[in-house]
Amino acid sequence: MSFRRDTITKPIFSWARGVLPAMSDTEREALEAGDVWWDADLFTGNPDWSKLLAFAPAKLTDEEHAFLHGPVDELCAMLDEWKINWEWRDLPPEVWDFVKRNRFFGMIIPKEFGGLGFSPYAHSEVVRKISSRSLTAAVTVMVPNSLGPGELLMRFGTKEQQERWLPRLADGRDIPCFGLTSPEAGSDAASMIDTGIICKGDFEGREVLGLKLNWHKRYITLGPVATLLGLAFKAYDPDHLVGSEDDLGITVALIPTHLPGVSIGQRHLPAMQVFQNGPNWGRDVFIPLDYIIGGQERIGQGWKMLMTALAAGRGISLPSLSAAGAAYAARTSGAYARIREQFGISISKFEGIEEPLARIAATAYLLDAARRLTCAALNEGHHPAVISGIMKLHATERMRIAIDDAMDIHGGKAVIDGPQNYLGGLYRSVPVGITVEGANILTRNLIVFGQGAIRAHPYLLQEMNALGEPDREKGLTDFDTAFWKHVGHSFATMFRAWGRNWTGGLFAPAPDAGEATGFYRQLSRYSSAFALCADMALLTLGGALKRKEMLSARFGDILSELYLLSAVLKRWQDEGRQKEDIPVLEWCLATGFKTIENRFAEISANLPNRFVGVILKFLIQPFGARVVGPSDRVVHQCAQLVLSPSAARDRLTPDLAFVDDDRGVARLEKAFRLVVDVEDAAKRMHAARLHDWQDAVKKGVITQAEGEKLAAAQAAVAKVIEVDDFAPEALSPIYKKSADVHQFFQELGEQRAAS
């Protein structure tokens, strides 16, 4: 062993230490945040499917279930999104009071501090349900339970801080926000210039050691109404009052917003969404050191704290909102397509409508599958940073596609705004989810694979740690162990990938999963190909791979598909292998396989080392990308799942907040049920070439009762199809002098002619 280490490994070790790019503290802390889970299995190239299938699905406790069908339903009934957005520009006071009184802001806070102590899955379910009723209310509820003072205090706060602040956050006496983003630092939050200088100062009548803070933050959700600001800044100690270093690093502290020097700005208007959001500033704000979350010993640990919290938070709130959006689009689009007629037939009969409808339905199934699986991992105490990044990225991106498709199916119904438009607000909100908690472009190109390759790879992080070890001899020994394990792993992966891909996955491992068994074989095949390609890219590009963003993005897409498709198969298994859901299962897998094969083809065609690119193509894609996506048959069957009332439709769109208020969605659901009930009578009338139901009754084609139901269905459809209009003076103040717009313009023309 020592001969190998000193003769063969040593020169490789010396070379690698010389070419390994320096890792910044923020990069290292981001890598060390959270942990790995199923993503590590996928990186091995040989995932253990029994491990995935044995993992307990997420479930609600009786208390959580009661909350979801009690206070959450009550809250949803109080919400009127049109008035919230276009009349009040805020949640009404009674809603603010209700969410505080029922501790919606304290869902994640333990009961010992006055919170509800809910699981991540319960948190997700609450956000999902509220999102299907009001985006403004959903964001208001999700933020205090996501990245912010509450979560940071629970993880890193001192006992005294927890006892002081958590009860106040739980019952709404304090409203929290978190100040991270600033004009100079968006996606690159580590480049913030907000500062905290350690010094002595007066605080509440006594001289203490503390920090003088100066900052400018923007895009801060709940900022305009917050009473407690969590603040990220860079701490400095020029007089060495707490140590020998000048630059202490990113630090996080609690700032009561009533302190002198704190300025709460006016409101932002994010994509015409009216959840509270705005800028704030601090000018020479002094706080004692015990306002640092975790106390003095946590100075400089802020970035690690934030990344650790984000590793879990990104897997809950925005994926929940996105899953709700996709399910909402599936339910409303299926119903609308069924009741809306053009050219004398339901538009649901057109293949041009079936294609986007199938895509919406499958997206809803996939996103909720991935949401549940991720929440199950979080429930068990995992904090999978890479998977959380995948979830935030792909949930919001796929919601965007689903909402675009829903808008296309609805046409003018979704374009004309008003109280009857149940899609417009959701459509406008999509860019918000795309942008926040790490912009999707950055996440796809730099984080998913860039972080995953190091964290989830079986040996790469061990090798990097060995190369960075200050004790050269220890580093060499550790590197020797990890490097040769990596070499053995790479050879095993190469032969595994070669065999599985040349046989089309015929002998790849898979559990006995009935009709889904073949899908597992293909995922095993693709996982081995991914592991091989990742190793070859890392070997030939080394640290330069992180600058090859398009290559990194393609690898990230493959890893993401492997995870998302694993979640789809897991959901189908957990729900009892429902035969009716097979079309949506097939759609998801065929679409994912198409993406995976295209990305492999793009990787082999674009690797800078052309020899390696050609070899990889020979090993894993000798005949190129072959999967073309779901068949027309599957598309048709998938679309049918949301076109009729059924258990399958309910599984696709469970527990959405439909309030019976004779508006929007309530009208749509009523018309949908009526149209389905009278379908047989309508077919008989159509066959007899009759259009008036009374004539059909007279001629014995339908009964009187059927005719009356047809009339009721037609009236209900007419109410759904109608769109809102407004008096001119209701939309613009320039018309208030004249209620008649024509008269207004006539008078205006006469005035111009006279002048």
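Here the structure is a predicted model, which is why all the values come from computation and not from measurement.
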| Are any of the side-chain nitrogens in Arg371 or Asp368 under 4.0 Å away from the carboxylate oxygens of its partner? | yes
| Side chain Asn102, main chain Pro71, donor-acceptor under 3.5 Å | no
| task | Any chance you could lay out the side chain to side chain contact (heavy atoms under 4.5 Å, CB included) test for Arg359 and Trp587, step after step, and finish with the verdict? | result | CA-CA 8 Å; Arg359 186 161 50 238; Trp587 195 101; 3.8 Å; yes
Pairs under 3.5 angstrom only: tabulate donor-acceptor contacts from the side chains of residues 218-229 to other protein residues two or more places apart or in another chain.
unit_1 : atom_1 : unit_2 : atom_2 : d
Thr221 : OG1    : Asn277 : ND2    : 2.9
Thr227 : OG1    : Asp174 : OD1    : 2.6
Thr227 : OG1    : Ile175 : N      : 2.9

| request: Measure the shortest side-chain to side-chain distance between His382 and Ile387 over non-hydrogen atoms and say whether it is less than 4.5 angstrom. | output: no
| field | Cationic N near anionic O, under 4.0 Å, Lys129 to Asp73 | value | yes
| said: Tell me whether Lys719 is salt-bridged to Asp662, with the criterion being a basic N under 4.0 Å from an acidic carboxylate O. | reply: yes
| field | salt_bridge(Arg331, Glu669) N-O dist < 4.0 Å | value | yes
| message | Checking Asn280 against Trp215: is there a side-chain donor and acceptor pair closer than 3.5 Å? | response | yes
| said: Take a 6.0 Å sphere around CG of Asp660 and say whether it holds more than 12 heavy atoms from other residues, nucleotides or ligands. | reply: no
| query | Looking just at side-chain N and O atoms, do His216 and Ser182 make a donor-acceptor pair shorter than 3.5 Å? | reply | no
| query | Do other residues, nucleotides or ligands put more than 12 heavy atoms under 6.0 Å from the NE2 atom of His65? | reply | no
| Among all residues two or more places apart in sequence or in another chain, which pass the side-chain contact (heavy atoms from CB on, under 4.5 Å) test with Tyr427? | Ile403, Asp404, Met407
| message | If you count heavy atoms of other groups shown closer than 6.0 angstrom to CD of Glu94, is the number above 12? | response | yes
| message | Going by the rule side-chain contact (heavy atoms from CB on, under 4.5 Å), which residues pair with Ser429 if we only count those two or more places apart in sequence or in a different chain? | response | Leu135, Gln273, Leu426
| message | By the definition salt bridge (charged side-chain N to carboxylate O under 4.0 Å, His left out), identify the one residue from Asp655, Asp80, Asp661 that meets it with Arg133. | response | Asp661
| query | For Asn145 and Ser317, does a side-chain donor sit closer than 3.5 Å to a side-chain acceptor? | reply | no
| said: Angle between ring planes, Trp96 versus Phe105, binned at 30° and 60°: parallel, tilted or perpendicular? | reply: perpendicular
